[in-house]
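Convention: sequence-line order gives letters A, B, ...; per-chain numbering from 1. The model shown is predicted, which means the values in this text are computed figures rather than measured ones.
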Amino acid sequence: MPLEFGTSEWARSLEGAVNASSEYRNAAAAWGVGFNGNILFAFDAGGPLERSAHLLLKLEGGRCLGAGFVPGPSHPDAGFTLRAPFPLWREVLTGKTLAATAILTGRMRVEGNTIALLKHAGAHRSLIHCVASLDTHFPGA
Amino acid sequence: MDRLYQLLQNRIEGVVSTPDEFHPGLLTNFGNLYHGTPRFVVAPATARDVAATVAFAREHGLPVSVRGSAHSQSRLAISEGGILLAMSSMRRILSTDDSGGPTVDVEGGVLWRDLVRHLAPGQLVPPVLTNNLSVTVGGTLAIAGIGLSSFKYGTQGDNVRELDVVTGTGEKVTCDPKRNADLFWGTLAGLGQTGIITRARLDLRKSKPMTRTYYLLYGDLRRFLDDAKLAMDQDRWDHIESWASPCPQGTKPVAGRRQVFARWFYPFHLTVEFHPDHPPNDAEMLRGLKPTELLYTDDVPTVDFLERMIPVFDLWKQGGTWKHVHAWVETVLPWERAADCIESVLPDLPPSILVGGHVLLWAAKGKSSKSRFFMRPPGEDLVGFGVLPAIPPRFWEQARPMLDNLGRLTELMGGKRYLSGYIDWSEDRWRAHFGDQWEPFCALKRKYDPDSILNPGFVPFPAPRSAGKAKHPAGAPAGD
């Protein structure tokens with residue numbers, strides 16, 4: 001049964017998926033260690049998404065310590081924000097566009113230290129994979 | 001028969017050929033990414049032929065692409081509908097001179113390999129040699145030319161006394177650091193945009209007859225880099241060479257799909273030249289260095305050392321990977337970002353991509369080069385990082401996003417790309433690469449190739465103000 005994107009149930013499910021992923025645990029072992037690794041995914045309104053959505057993931061040492069949708073467009077607990085229009089997020093989550101390509105070409109904006117983020121590219125690819133793997137009902141789908 | 005064929009042939013001593021005579025190898029370069037069929041291939045006999053060909057091309061609105069050994073991987077050394085000037089016909093070693101420091105005069109199509117052999121009896125060598133010696137003097141000087149001794153002597157272009165250059169107007173101009181200096185510095189690492197090198201006077205140095213190479217191995221990148229810096233500063237080494245070498249460990253999921261992953265090691269080969277009656281003291285040579293292991297110590301004649309990669313390349317040729325797509329991403333990184341950049345790339349690099357290729361690391365000194373257009377990051381200590389894959393053509397589209405991202409990442413990290421490799425840039429990225437040298441580069445192009453006929457299709461220069469007869473877009477077939 002797909003979960004509705006943007007709900008607290010979906011966010012909790014994502015937290016569980018991240019913590020169950022040995023890929024993420026290995027790839028992100030150094031992420032958030034000694035620095036604020038919390039990431040805000042900013043799904044800007046666009047396409048079928050009428051209102052922007054903001055997902056805060058609390059991440060440290062290969063674990064997700066909390067996930068939830070928060071009011072946007074920014075959040076004081078976030079060390080990094082990845083911001084893109086919803087249609088681009090869908091491309092990333094369906095594997096049509098690599099997140100790294102979206103970031104490096106400037107289509108997905110990074111708020112925070114881009115170089116620090118890119119040093120851990122494997123961690124973020126694994127995180128995106130966790131999001132993409134959730135059985136989700138997205139707007140417009 | 002092409003109506004221009006005889007007119008062109010009448011102008012030159014060399015040989016003009018038409019598409020029915022072309023060897024298929026002429027239609028692409030080492031990259032095997034871009035292909036083109038020239039209207040004519042010209043094998044010039046002399047610099048006068050080169051000048052006459054360029055003048056002819058200008059009269060008839062034909063672009064001219066210059067080809068040495070075609071080791072480039074982007075839109076260089078190939079032509080679509082224009083004249084391909086195959087410089088391998090100009091491979092004479094002209095003369096050596098010992099007054100004022102040894103030099104040698106060579107034609108632009110001379111292979112470094114032939115020059116090394118020619119000079120060996122006199123124990124003379126060019127200060128810098130590329131790993132692949134089967135490339136031409138004119139070709140590497142037009143890119144920069146980096147080798148194992150670049151940390152001491154800069155690029156090959158930094159070791160040139162004088163050039164004869166045929167400009168885009170068809171004039172042969174002699175230039176050096178004082179005479180026509182803008183053309184001299186604009187032609188070295190100038191990507192063939194200001195002129196065609198027909199003769200170069202190269203500095204030489206005396207070598208010693210033997211080399212001893214210490215094969216060190218490191219398991220930690222940062223420790224390797226510390227030692228690389230130390231080795232550069234020790235003033236006891238003649239050549240330094242290093243790689244990142246994968247040891248496959250099994251598979252791991254990458255975005256859910258299992259992929260072979262590797263533990264990476266860092267071989268570091270340090271070489272010193274010596275006379276047989278004065279062999280180096282090993283303990284003294286290695287003092288201060290902290291490798292994981294010293295694997296091997298190899299004594300070979302210096303000329304054999306300089307040719308050490310020839311058997312490797314022969315092996316790649318025999319294995320068929322020489323014909324694969326080569327989309328090499330080589331970047332000179334600022335020292336302070338190098339380890340972070342390399343460590344973010346290697347964990348996800350499939351070792352299989354390196355069959356018939358390798359990952360190069362080279363420590364470098366920024367101030368060892370005076371080159372104006374060999375762009376490198378500011379700072380004295382630099383690290384070259386090259387991912388040099390050989391990709392079966394059917395996998396190219398799959399590999400391409402990864403290599404594109406690798407290029408962008410290294411640029412974001414403050415790196416400057418080495419331009420013989422895979423470059424597929426928009427004008428913005430060209431501007432960013434050259435920085436404050438972009439406008440001077442464009443100005444030299446306008447001055448020495450006003451109709452923009454030389455090596456089109458690679459650098460997206462602004463269109464010439466008065467296009468003259470060469471109104472065709474760069475790289476496109478000409479109409480005349």
Side-chain angles (χ1 to χ4, degrees), chain A residues 14 17-31 33-35 37 62 80 82 88 91-136, chain B residues 220-222 249-264 329 331 333-350 377 385 387 397-415 417 424-429 431-432:
Chain A
L14 175 61
V18 172
N19 287 328
S21 167
S22 62
E23 178 184 342
Y24 183 75
R25 193 164 61 244
N26 281 283
W31 177 254
V33 178
F35 64 95
F80 300 83
L82 294 179
L88 177 57
E91 282 182 32
V92 169
L93 295 176
T94 54
K96 285 183 188 158
T97 299
L98 294 174
T101 304
I103 290 169
L104 288 164
T105 55
R107 294 171 66 204
M108 179 175 279
R109 280 180 18 226
V110 176
E111 292 161 17
N113 186 335
T114 305
I115 288 171
L117 189 87
L118 291 171
K119 271 169 61 179
H120 299 266
H124 311 311
R125 186 181 47 230
S126 172
L127 182 64
I128 295 282
H129 177 66
C130 289
V131 180
S133 301
L134 274 188
D135 190 8
T136 303
Chain B
D220 180 84
L221 175 64
R222 288 166 198 265
Q249 299 295 307
T251 65
K252 69 175 183 180
V254 174
R257 293 172 65 177
R258 295 201 78 85
Q259 177 178 299
V260 175
F261 77 102
R263 167 79 160 84
W264 290 83
V329 178
T331 312
L333 292 162
W335 191 275
E336 58 277 12
R337 293 237 175 106
D340 285 346
C341 182
I342 295 162
E343 284 175 346
S344 72
V345 171
L346 294 184
D348 293 329
L349 200 63
F385 175 39
V387 176
E397 286 305 326
Q398 195 178 323
R400 182 179 190 151
M402 184 190 76
L403 293 164
D404 284 340
N405 283 342
L406 172 59
R408 290 189 190 102
L409 174 70
T410 59
E411 291 158 34
L412 187 73
M413 292 283 196
R417 297 282 298 280
D424 188 17
W425 285 347
S426 61
E427 186 181 330
D428 285 354
R429 285 171 81 186
R431 282 179 178 275

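Listed options Ser133(A), Ala100(A), Ala27(A) were ranked by heavy-atom pairs under 4.5 angstrom with chain B; first place goes to Ala100(A).
For Val254(B), the parts lying under 4.5 angstrom from a heavy atom of chain A are both the backbone and the side chain. No part of Pro347(B) comes within reach of chain A, as not one of its non-hydrogen atoms sits under 4.5 angstrom from that chain.
Considering CG of Asn26(A) and NZ of Lys252(B), their distance stands at 8.0 Å, rounded to 0.5 Å. For the atom pair OG1 of Thr410(B) and CG of Leu118(A), the computed distance is 11.5 Å after rounding to the nearest 0.5 Å. Taken to the nearest 0.5 Å, the CD atom of Glu411(B) stands 9.5 Å off from the CG atom of Leu104(A). Thr114(A) OG1 to Leu409(B) CG: the interatomic distance, rounded to the nearest 0.5 Å, is 11.0 Å.
No side-chain heavy atom of Ile115(A) sits under 4.5 Å from any side-chain heavy atom of Asp340(B).
Within residues 120-132 of chain A, the residues having any heavy atom closer than 4.5 Å to a heavy atom of chain B are Gly122(A), Arg125(A), His129(A), listed by residue number.
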Arg337(B) and Lys119(A): CA distance, side-chain angles, deciding distance, side chain to side chain contact (heavy atoms under 4.5 Å, CB included) verdict: CA-CA 10 Å; Arg337(B) 293 237 175 106; Lys119(A) 271 169 61 179; over 6 Å; no
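In terms of modelled atom types and a separation under 3.5 Å, the side chain of Glu23(A) and the main chain of Gly256(B) share a donor-acceptor contact.
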